Q: 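I'd like to ask you about the structure that follows.
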Amino acid sequence: MAETIILSGKTVSQNVYKSLQTRIDSLKFSGCTPGLAVVLVGDDPASNVYVNNKTRRFNKLGLYSETIRLPANIGKDELLSQIQDLNSDGSFHGILVQMPLPTHLNESVIIDALDPLKDVDGFHPENLGRLTAGRPRFVPCTPKGIMRIMDFYKIDLSGKHVVVLGRSNIVGRPMSILTSLKESYSNATTTICHSGTTDIPYHTQQADILIAAIGVPEFVTSSHIKEGTVIIDVGINRVEDDSEKGYRLVGDVNFDSVNEKASAITPVPGGVGPMTIAMLVENTVEAAKRSMS
Ligand code: GUN
């Protein structure tokens with residue numbers, strides 16, 4: 001049997017950074033340093049790690065980024081006023097509000113307040129609407145990164161059956177739209193499974209490409225898939241163990257269980273994760289370029 005291919009987001013993201021560098025240099029030469037504002041409300045440890053990884057990458061590439069740390073008990077009006085300030089601040093071409101927000105804040109209200117031209121996450125309804133209409137502006141970073149991995153490894157989606165597990169606005173929903181667009185890079189038949197799906201294995205067993213984004217540690221096992229399925233594991237779950245850190249990271253897929261049956265799989269870590277940041281950089285560079293014209 002052929003060996004399972006490891007789809008390395010680490011490798012693909014390095015490729016993205018290499019090709020972005022010329023665009024970044026040329027923008028900076030024209031006097032524009034792409035800038036990102038990251039809004040972090042509260043002190044969720046996982047969000048803290050993500051935000052630090054994002055800003056580290058921006059610094060490494062010579063881009064501008066600032067993290068606005070706000071207390072967990074901030075009121076809606078104060079947060080909206082912060083976002084208005086960032087919308088009108090010309091040094092920021094992109095604004096990212098790290099999710100999830102504390103439960104007293106309605107995420108939709110906050111997302112609606114973002115200038116859609118600075119919404120590098122692609123979460124604003126105008127950007128999601130454009131994607132749905134087949135006229136994308138900013139495509140959400142994780143789904144965009146997954147498409148880039150499949151392009152890099154020449155996984156052709158056209159005519160394939162893609163099954164997406166999860167319907168979040170961040171990953172599952174936009175992923176289902178992207179994979180079914182009438183475009184040469186897409187054109188799949190897409191099924192989306194979620195908490196209301198009665199028989200998940202029935203659907204996943206038919207997948208040529210399975211995209212797991214449900215946030216349940218090691219949910220997908222070999223009994224969920226057919227021989228040769230391509231698996232994209234979006235999950236990054238902390239599972240307690242007796243290591244020094246006190247936890248280990250696992251995906252939504254039980255890697256050891258599916259490893260021999262799948263034809264290709266993204267690892268956790270080093271799969272989808274690095275691509276989310278790479279696409280955030282790309283979207284911010286695009287936002288900066290757009291602001292110049
Ligand atoms: N939380 C988990 N993933 C993301 C993401 O891609 N963007 C934002 N803003 N928050 C997240």
Side-chain angles (χ1 to χ4, degrees), residues 9 13 16 35-58 65-70 72 74 79 82-83 86-87 92-103 105-116 118-128 131 136-149 164-175 177-178 211-217 232-238 249 251-252 266 268-269 271-284 286-287:
S13 66
V16 170
L36 174 73
V38 178
V39 179
L40 178 59
V41 183
D43 47 17
D44 175 65
S47 291
N48 240 309
V49 172
Y50 296 148
V51 164
N52 288 340
N53 288 343
K54 286 166 189 170
T55 49
R56 200 173 312 128
R57 178 57 65 179
F58 270 70
S65 84
E66 208 170 296
T67 303
I68 295 99
R69 292 176 189 272
L70 301 168
I74 190 172
L79 179 55
Q82 286 274 355
I83 288 176
L86 297 171
N87 280 343
F92 297 119
H93 306 96
I95 305 169
L96 177 148
V97 181
Q98 185 64 32
M99 302 294 171
L101 288 171
T103 49
L105 295 165
N106 182 331
E107 291 181 352
S108 300
V109 171
I110 305 305
I111 289 168
D112 288 357
L114 293 168
D115 176 349
K118 292 191 175 189
D119 168 39
V120 285
D121 258 327
F123 293 170
H124 190 283
E126 184 177 313
N127 288 318
L128 282 176
L131 175 64
R137 183 196 279 140
F138 293 119
V139 174
C141 302
T142 302
K144 187 179 185 185
I146 291 169
M147 295 301 280
R148 205 57 72 79
I149 290 177
V164 180
L165 277 182
R167 57 177 158 187
S168 73
N169 286 337
I170 298 183
V171 186
R173 180 79 57 199
M175 197 72 245
I177 296 164
L178 257 180
I211 301 173
I214 43 171
V216 179
I232 307 289
D233 188 352
V234 184
I236 306 178
N237 309 291
R238 287 182 180 206
L249 293 180
D252 289 353
T266 58
V268 177
V272 174
M275 291 308 295
T276 301
I277 300 182
M279 295 300 102
L280 176 66
V281 174
E282 189 174 280
N283 282 354
T284 306
E286 273 172 23

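Predicted model only: the values in this text are computed from it and were never measured. In each ligand, atom 1 is the first atom listed, and ligand 1 is the first ligand listed.
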Q: So how far is it from Thr276 OG1 to Tyr50 OH, rounded to the nearest 0.5 Å?
A: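 Answer rounded to 0.5 Å: 9.0 Å.
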Q: Just by distance, no angles: are the side chains of Asp252 and Asn237 close enough, under 3.5 Å, to form a donor-acceptor pair?
A: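 Yes.
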Q: State which residues pass side chain to side chain contact (heavy atoms under 4.5 Å, CB included) with Ser47; sequence neighbours excluded, sorted by chain then number.
A: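 Side chain to side chain contact (heavy atoms under 4.5 Å, CB included) check on Ser47 returns Leu40, Asp44, Gln98, Pro100.
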Q: Would you please name every residue forming a side chain to side chain donor-acceptor pair (under 3.5 Å) with Asn87, sequence neighbours left out?
A: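 By the side chain to side chain donor-acceptor pair (under 3.5 Å) rule, Asn87 matches no residue at all.
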Q: Pairs of nitrogen or oxygen atoms, one from ligand 1 and one from the protein, closer than 3.5 Å: please tabulate them with distances.
A:
{"unit_1": "ligand 1", "atom_1": "1 (N)", "unit_2": "Gln98", "atom_2": "NE2", "d": "3.3"}
{"unit_1": "ligand 1", "atom_1": "1 (N)", "unit_2": "Met99", "atom_2": "O", "d": "2.9"}
{"unit_1": "ligand 1", "atom_1": "7 (N)", "unit_2": "Asp121", "atom_2": "OD1", "d": "3.1"}
{"unit_1": "ligand 1", "atom_1": "7 (N)", "unit_2": "Asp121", "atom_2": "OD2", "d": "3.4"}
{"unit_1": "ligand 1", "atom_1": "9 (N)", "unit_2": "Val97", "atom_2": "O", "d": "2.8"}
{"unit_1": "ligand 1", "atom_1": "9 (N)", "unit_2": "Asp121", "atom_2": "OD2", "d": "2.6"}
{"unit_1": "ligand 1", "atom_1": "10 (N)", "unit_2": "Met99", "atom_2": "N", "d": "3.0"}

Q: I'd like to check the side chain to side chain donor-acceptor pair (under 3.5 Å) partners of Arg137; sequence neighbours left out, ordered by chain and number.
A: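 Side chain to side chain donor-acceptor pair (under 3.5 Å) list for Arg137, sorted by chain: Glu126, Asn127.
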Q: Could Glu286 and Lys144 be called an ion pair, given the rule that one side-chain N must be under 4.0 Å from one carboxylate O?
A: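 Judged by the 4.0 Å cut-off on N to carboxylate O distance, Glu286 and Lys144 do form a salt bridge.
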